[in-house]
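Working notes for the structure below.
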Amino acid sequence: MNKKINGDPKEKNSLQIFGQVGSLGITFVIIIGIFSFIGYRIDILFSTKPIFTCLGTLLGFIIALISIYQIIKKDNL
């Protein structure tokens, strides 16, 4: 029996979904990494070792969550 494949643009194959989920993970890590690095550099500048690194990581986490949510909402994952 042959199944007819619909050309529905909303249907995504598993490779496309895997690519989108992978890009979400990379986006998440990069955003947190950038904000952690900025916090670390501010800590070095003001000699306040763990404070701004922790704040940068927390801020990066929050911004990454918001960014991921917006991407998921837009792409209907």
Side-chain angles (χ1 to χ4, degrees):
M1 295 184 178
N2 292 334
K3 289 185 177 180
K4 188 174 181 181
I5 299 174
N6 295 335
D8 189 10
K10 291 184 180 180
E11 288 185 20
K12 298 178 182 178
N13 64 23
S14 59
L15 189 59
Q16 288 174 328
I17 293 172
F18 181 74
Q20 288 177 335
V21 171
S23 69
L24 291 177
I26 291 170
T27 301
F28 195 77
V29 169
I30 288 175
I31 291 173
I32 292 174
I34 288 171
F35 278 90
S36 296
F37 180 73
I38 291 170
Y40 176 73
R41 297 303 292 178
I42 293 172
D43 276 336
I44 290 174
L45 184 65
F46 294 118
S47 298
T48 56
K49 272 295 177 172
I51 296 171
F52 287 106
T53 302
C54 293
L55 289 176
T57 304
L58 183 64
L59 182 63
F61 182 75
I62 292 168
I63 291 174
L65 284 177
I66 292 169
S67 175
I68 297 298
Y69 174 75
Q70 289 175 348
I71 292 170
I72 290 173
K73 186 177 166 184
K74 182 185 77 170
D75 290 343
N76 290 326
L77 287 178

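When a residue number appears, it is its place in the shown sequence, counting from 1.
In the hydrophobic cluster analysis, where Ile, Leu, Val, Met, Phe, Trp and Tyr join through side-chain heavy atoms closer than 4.5 angstrom, Ile32 is grouped together with Ile71. Note on Tyr40: it does not cluster hydrophobically with Leu58, by side-chain heavy-atom contacts below 4.5 Å among ILVMFWY residues. Under a hydrophobic clustering in which Ile, Leu, Val, Met, Phe, Trp and Tyr are joined whenever their side-chain heavy atoms come within less than 4.5 Å, directly or via other members, Ile26 and Ile68 fall into different clusters. Under the 4.5 Å side-chain heavy-atom criterion for Ile, Leu, Val, Met, Phe, Trp and Tyr, Ile44 and Ile34 are members of distinct hydrophobic clusters.
Phe28 approaches Ala64 most closely through the heavy-atom pair CD1-CB, 3.5 Å. The heavy-atom pair separating Ser36 from Thr57 by the smallest distance is OG-OG1, 2.7 Å. Between Ile72 and Leu24 the shortest heavy-atom distance is CG1-CD1, 3.9 Å.
In this structure, the separation between CD on Gln20 and CG on Leu15 is 10.5 Å, given to the nearest 0.5 Å. To the nearest 0.5 Å, atoms CD1 (Ile31) and CG (Leu59) are separated by 10.5 Å. Here Ile42 contributes atom CD1 and Phe37 contributes atom CZ; the two are 10.5 Å apart, rounded to the nearest 0.5 Å. Taking OG1 of Thr53 as the start and CZ of Arg41 as the end, the distance is 10.5 Å to the nearest 0.5 Å. Taken from CG in Asp43 to CG in Leu55, the straight-line distance is 8.5 Å, to the nearest 0.5 Å.
When atom types are taken as modelled, the side chain of Ser67 and the backbone of Ile63 share no donor-acceptor pair closer than 3.5 angstrom.
A tilted orientation is assigned to the rings of Phe46 and Phe52, their planes being inclined by 30° to 60°.
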